Protein chains: 2
Amino acid sequence: MDRRAEDLTARARIRDAAIRLFGERGIEGASIRDIATAAGVSSGLVRHHFGSKEALREACDQYAKERMLEVSEELATSGGVAALDPVALHPRVFPLQLYLVRSMMDGSETATALFLGAVETIEDWSKGYGINPQDRRAYSAALAAIKLSVFVFRDQVSKALGEDITSPNGYARIGQGMLDVFSIPIITQDQVETIRKQEK
Amino acid sequence: MDRRAEDLTARARIRDAAIRLFGERGIEGASIRDIATAAGVSSGLVRHHFGSKEALREACDQYAKERMLEVSEELATSGGVAALDPVALHPRVFPLQLYLVRSMMDGSETATALFLGAVETIEDWSKGYGINPQDRRAYSAALAAIKLSVFVFRDQVSKALGEDITSPNGYARIGQGMLDVFSIPIITQDQVETIRKQEK
DNA sequence: ATCTTGACTACACGCTCGTGTAGTAGTTTG
DNA sequence: CAAACTACTACACGAGCGTGTAGTCAAGAT
């Protein structure tokens, strides 16, 4: 997580520690005392700045959302593979993505809204790109979920590759793996037709 | 979760309730008392049968693993799309998958071993199927993660589609969406080459 | 008829959690 | 210089947790 000038305050340290620990252990799994210790402050100060655990989580949601949208815009203007990646899948935002995924699984509305936004972005992009699936909405939702899957299973994927996917090399490999999934069709459109008829 | 003859015992009811609640709320999020209430027994009986929460989780891991492998074999022999789906993605095993994903995220070795097994199965399958990605291991790991992603984000995907993906209709739609992802290449192999050169 | 065993419950324990309260130190404001 | 405010800590609270213990009850063995 890269720092900004105002971010040397205790409040920012608490928020950063919360995002990291919530992301690693889940919301229930990380206690206020753990977060306070990680940030090098007393547990009372967490309460002083954020009021409650729920409010701390909302502050984290908001911050993660803002940062994600910032990075997303940066990548959109820089071109490259970015267009393929409306919700940025960039090593820089690993901790944020990890946190958002956990927050989503624990029912965060802000995080879920980000997901829905990503689905819409993919919908628009796929239209402009000339992709015409049977059910564009379902296609876009599947793609949005797919892009987050690597974060969810980062430990398992790392174990499968034999190297941490947060390392430059591991990240490059799994990124390449994803590109292969997106470039090599594993069934033909004809087969898809056949399956759909079977199901009816 | 479908029942078997022996499954009318209190022990089985506890295990089923545990798999459901662990899957819905995470391991930390579901207490022994919650599970006991859901199974219609006292919390002491959970301890009597399983010893500890950790042991209960391991029993759930083991049971989920066995059932998954059973279903996996069934689907493999029944042909159809099954070959495409070495780790069965079948509505029948939704609660099991949900549980295994949660257990995996909380560091279960049994669940992680299942994931690694799936990666190997996909590796073998992709070879026999004539798919030749740059990095077969990374490709297989990505595919394994992708297949589980729908379970992780089932609430978000359901919200995006406007209908529950555990319903027959919703399941058919997201299944179709996945098939479209696997049948429509979104970048060409040439573009992949270009990107790889850029990154170097 | 008594003993044993296993399924099952009730209840109490110590711990950690989120939260509440009181108070201190340093800076800002009048 | 005093008052007020803000960042911050220490400590106590009640609740819920996993766990431990004691005991009930029905069924089968001796």
Side-chain angles (χ1 to χ4, degrees), chain A residues 3-63 99 102-103 105-110, chain B residues 3-63 99 102-103 105-110:
Chain A
R3 297 275 157 270
R4 289 183 295 186
E6 79 220 46
D7 264 14
L8 298 162
T9 64
R11 188 188 157 93
R13 285 207 315 278
I14 292 170
R15 190 231 299 123
D16 288 352
I19 287 178
R20 187 170 61 83
L21 291 184
F22 282 155
E24 282 173 10
R25 309 179 195 174
I27 312 296
E28 301 248 17
S31 72
I32 288 186
R33 284 170 177 84
D34 290 341
I35 293 166
T37 304
V41 299
S42 72
S43 67
L45 190 60
V46 177
R47 178 169 168 74
H48 173 68
H49 278 302
F50 295 94
S52 71
K53 190 177 186 179
E54 184 53 30
L56 169 60
R57 208 187 80 157
E58 270 163 36
C60 290
D61 276 357
Q62 215 55 41
Y63 179 77
Y99 166 75
R102 281 284 196 170
S103 191
M105 289 183 76
D106 276 317
S108 154
E109 301 220 349
T110 306
Chain B
R3 297 276 158 268
R4 289 183 295 187
E6 79 220 45
D7 264 14
L8 299 163
T9 65
R11 188 188 158 91
R13 284 208 315 278
I14 292 169
R15 190 232 298 125
D16 288 352
I19 288 179
R20 186 171 62 83
L21 291 183
F22 282 156
E24 282 173 8
R25 310 180 192 172
I27 312 295
E28 301 247 19
S31 72
I32 289 187
R33 284 170 177 84
D34 291 341
I35 292 166
T37 304
V41 298
S42 73
S43 68
L45 189 61
V46 177
R47 177 170 170 73
H48 173 69
H49 278 303
F50 296 95
S52 71
K53 189 177 186 178
E54 184 54 30
L56 170 60
R57 208 187 80 159
E58 270 163 37
C60 290
D61 276 356
Q62 215 55 42
Y63 177 77
Y99 167 75
R102 281 285 196 169
S103 191
M105 289 184 76
D106 276 317
S108 155
E109 301 219 348
T110 305

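Since the structure is predicted, the reported quantities are computational estimates derived from the model, not experimental observations. The figures here come from the full heavy-atom set of this structure, side chains too, leaving out hydrogens, waters and symmetry mates. Naming convention: chains lettered A, B, ... in sequence-line order (proteins, then strands); numbering from 1 in each chain.
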Short side-chain to backbone donor-acceptor contact, A:Arg13 and A:Ala39, under 3.5 Å: yes

Row check, B:Phe50 ring normal vs B:Arg57 NZ/CZ: under 6.0 Å, within 45°: no

Residue pair A:Arg47, A:Ile32: steps toward the side-chain contact (heavy atoms from CB on, under 4.5 Å) verdict: CA-CA 9 Å; A:Arg47 178 169 168 74; A:Ile32 288 186; over 6 Å; no

A:Arg15 (side chain) donor-acceptor with A:Ala59 (main chain) under 3.5 angstrom: no

Stepwise side-chain contact (heavy atoms from CB on, under 4.5 Å) check, B:Asp16 with B:Arg20: CA-CA 6 Å; B:Asp16 288 352; B:Arg20 186 171 62 83; over 6 Å; no

Positional range of nucleotides in DNA chain C within the contact set of chain B, heavy-atom, under 4.0 Å: C:dA7 to C:dA12

B:Asp106/A:Arg25 under salt bridge (Lys or Arg N to Asp or Glu O under 4.0 Å): CA gap, chis, key distance, verdict: CA-CA 8 Å; B:Asp106 276 317; A:Arg25 309 179 195 174; over 6 Å; no

Interface residues of residues 30-51 of chain B with DNA chain C (non-hydrogen, below 4.0 angstrom): B:Arg33, B:Val41, B:Ser42, B:Gly44, B:Leu45, B:His48, B:His49

Length of the CD-C1' vector between B:Glu54 and D:dG18, whole Å: 12 Å

Secondary-structure notation, DNA chain D, from Watson-Crick and G-U pairs under 3.5 angstrom (| other strand): ||||||||||||||||||||||||||||||

Any B:Arg102 side-chain heavy atom under 4.5 Å of A:Met105 side chain: yes

Interatomic distance where CD1 belongs to B:Ile27 and C1' belongs to D:dG18 [whole Å]: 15 Å

Heavy-atom side-chain proximity of B:Tyr99 to B:Ile27 below 4.5 angstrom: yes

Side chain to side chain, B:Lys53 and B:Phe22, heavy atoms closer than 4.5 Å: yes

Any A:Thr9 side-chain heavy atom under 4.5 Å of A:Ile14 side chain: no

